[in-house]
Amino acid sequence: MKEVFIAYFDFLGFKEFILNNDEETLIRRMGHIFRDIEFAIGQGKYQEPFEGKILADLSHSKLNTLNISDTVVFWTNDTSMKSLEELLKVAYDFNWRENLYNFPLRGSITKGKISIVDGRNKNEKGGSYGVSCLYGKGIVNAHIKAESQVWAGTVIDNSIISEFASEVEAAGFLESYAVKYKVPYKSEGIQDDDEFVLRLTKGTLNPESFKNLSADLERVFSQDNKSTSHPSVQLKIKNTIDFLSTFKE
């Protein structure tokens, strides 16, 4: 097992998305998710256009990435501050890109021990055996932290904050990516204090911008034939817009 930094994301409403859309729509929309994963990793660097498509340049990244169904995981190779900074940049980009414009998700950024087994074998009969198994307490704790939240957002776990000499030092390092906020959890008492959470926007929002982004959030929750009528979904939308409101001028 190796101790690393982990950014773990789960899409909200993914089962409905799969069940309520035809194959053509699923292939197209999954392509949008793959695109956003790659753009987040590429951090503004691009390859030469291919067949009219803009492709992210992933050759500069030192992160590892795994997407299985409704889960996306990014992780580092070590626990250096340089690696943490790259992970934060990628997670920040992916978080706002999905929640504001593509597909709602919730996530956590943690530190923990993991291991991965990865490989694929094909035989002459056309059968295959493939394994891409990421396991360990680090990934389980990241999942538990993400799944316990009631919104579309991403929290930075205290295992990350403890890497810094003080909260003041942590706040300075995280300033571009995160703010402190009272995270809405399914059960009270999980965390009584405010925590660092990824921003949905870099700056402040004027009334018109806030109105437009709130509408974008609601649209993202409902698009792809996802229902928003259930009280639990309405609560997630409300909690997310409440957080967005903290960026108002």
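Worth saying up front: this structure is predicted, and the values here are computed from it rather than measured.
Across S229 and Q234, no two heavy atoms sit closer than the pair O-CG, 4.3 Å. Nearest approach of R199 to E175, heavy atoms of both residues: NE-O, 3.2 Å. For S159 against S162, the heavy-atom pair with the smallest separation is O-OG, 3.0 Å. Of all heavy-atom pairs spanning A178 and I156, the tightest one is CB-CD1, 3.8 Å. Scanning both residues, D118 and S132, for their nearest heavy atoms gives OD1-OG, 3.4 Å. The two residues A170 and I161 have their closest heavy-atom pair at CB-CG2, 4.1 Å.
Proximity of F210 to I241: side-chain heavy atoms (C-beta onward) are separated by under 4.5 Å at one or more points. Two residues are said to be in side-chain contact when any heavy atoms from C-beta on lie closer than 4.5 Å; V73 and I6 meet this criterion. Using a 4.5 Å heavy-atom threshold, the side chains of F196 and E167 count as touching. Counting heavy atoms from C-beta outward, V183 and W151 have side chains that approach closer than 4.5 Å. No side-chain heavy atom of N99 sits under 4.5 Å from any side-chain heavy atom of T240. The shortest side-chain heavy-atom distance between K236 and R106 falls under the 4.5 Å cut-off.
T76 contributes atom OG1, which lies 13.0 Å from atom CD of E85 (distance to the nearest 0.5 angstrom). L205 contributes atom CG, which lies 10.0 Å from atom CG of N212 (distance to the nearest 0.5 angstrom). Atom CZ of residue F39 and atom CG of residue D57 lie 11.5 Å apart, to the nearest 0.5 angstrom. In this structure, CG on D10 lies 8.0 Å from CG on L12, to the nearest 0.5 angstrom. In this structure, Y177 OH and L87 CG are separated by 10.5 Å, a value rounded to the nearest 0.5 Å. For the atom pair CG (L105) and CZ (R97), the distance works out to 12.5 Å, reported to the nearest 0.5 Å.
With W75 as the partner, the side chain to side chain contact (heavy atoms under 4.5 Å, CB included) test is satisfied by one option alone out of L66, I139, T65: L66.
Counted within 6.0 Å of NZ on K53, heavy atoms from surrounding residues, nucleotides or ligands total 12 or fewer; the atom is thus considered open. For NZ of K202, the number of neighbouring non-hydrogen atoms (other residues, nucleotides, ligands) closer than 6.0 Å is greater than 12. In E249, the CD atom is crowded: over 12 heavy atoms of neighbouring residues, nucleotides or ligands sit closer than 6.0 Å. Remark: K137 NZ is loosely packed, at most 12 non-hydrogen atoms of other residues, nucleotides or ligands lying under 6.0 Å away. The 12-atom threshold is not exceeded at CD1 of I54, counting heavy atoms of other residues, nucleotides or ligands nearer than 6.0 Å.
Judged by distance alone, the side chain of K145 and the main-chain N or O of I109 form no donor-acceptor pair under 3.5 Å. The main-chain N or O of Y185 is never found under 3.5 Å from a side-chain atom of S148 such that the two would form a donor-acceptor pair. Side-chain atoms of Q149 come within 3.5 Å of backbone N or O of G107 as a donor-acceptor pair. Between the side chain of N225 and the main chain of E16, no donor-acceptor pair closer than 3.5 Å is present. Proximity of a side-chain donor or acceptor of N95 to a complementary backbone N or O of E98 within less than 3.5 Å is not detected.
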Take I160 and F173 through the side chain to side chain contact (heavy atoms under 4.5 Å, CB included) test and state the conclusion after the steps. CA-CA 11 Å; I160 299 293; F173 188 88; over 6 Å; no

Derivation and outcome, side chain to side chain contact (heavy atoms under 4.5 Å, CB included), residues Y135 and V117: CA-CA 9 Å; Y135 65 97; V117 178; 4.1 Å; yes

Verdict with reasoning, L100 to L213, per side chain to side chain contact (heavy atoms under 4.5 Å, CB included): CA-CA 7 Å; L100 291 179; L213 285 181; 4.2 Å; yes

Please evaluate residues D93 and K89 with respect to the criterion salt bridge (Lys or Arg N to Asp or Glu O under 4.0 Å), reporting the C-alpha separation (whole Å), side-chain torsions for both, the decisive distance (0.1 Å), and the verdict. CA-CA 6 Å; D93 191 291; K89 287 179 179 179; over 6 Å; no

Start with the C-alpha gap between K111 and D157, add the side-chain angles, then the distance that decides, and say whether side chain to side chain contact (heavy atoms under 4.5 Å, CB included) holds. CA-CA 8 Å; K111 177 186 176 184; D157 186 63; over 6 Å; no

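When only modelled atom types and interatomic distance are considered, N20 and D224 share no side-chain donor-acceptor pair under 3.5 Å. A donor and an acceptor atom, one from each side chain of N141 and T110, are nowhere located under 3.5 Å apart. In this model, a donor atom of one side chain and an acceptor atom of the other lie less than 3.5 Å apart for T25 and D22. At a cut-off of 3.5 Å, with distance as the only test, a side-chain donor of S61 or E86 sits close to an acceptor on the other residue. Side-chain N/O atoms of N102 and R29 include a donor and acceptor closer than 3.5 Å. Donor-acceptor pairing under 3.5 Å is recorded for the side chains of S83 and D78.
Residues F5 and F74 keep their aromatic ring centres 6.0 Å or farther apart. The six-membered or imidazole ring of F247 lies near that of F243, with a centre-to-centre distance under 6.0 Å.
In the hydrophobic clustering of ILVMFWY residues, with side-chain heavy atoms under 4.5 Å counting as a link, L63 and Y46 come out apart. In the hydrophobic clustering of this structure, Y8 does not group with I41; members are Ile, Leu, Val, Met, Phe, Trp, Tyr whose side-chain heavy atoms approach within less than 4.5 Å, directly or through other members. Hydrophobic clustering (side-chain heavy atoms under 4.5 Å, transitive across Ile, Leu, Val, Met, Phe, Trp, Tyr) groups L200 together with F9. By the rule that hydrophobic residues join a cluster once side-chain heavy atoms approach within less than 4.5 Å of another member, V197 and V150 end up as members of separate clusters. The cluster map of Ile, Leu, Val, Met, Phe, Trp and Tyr, joined by side-chain heavy atoms under 4.5 Å apart, puts Y92 and F94 in the same cluster.
Listed by chain and number, the residues in a salt bridge (Lys or Arg N to Asp or Glu O under 4.0 Å) with E38 amount to none (sequence neighbours excluded). Residues meeting the side-chain contact (heavy atoms from CB on, under 4.5 Å) test with M30, sequence neighbours left out: F14, F17, I33, F34.
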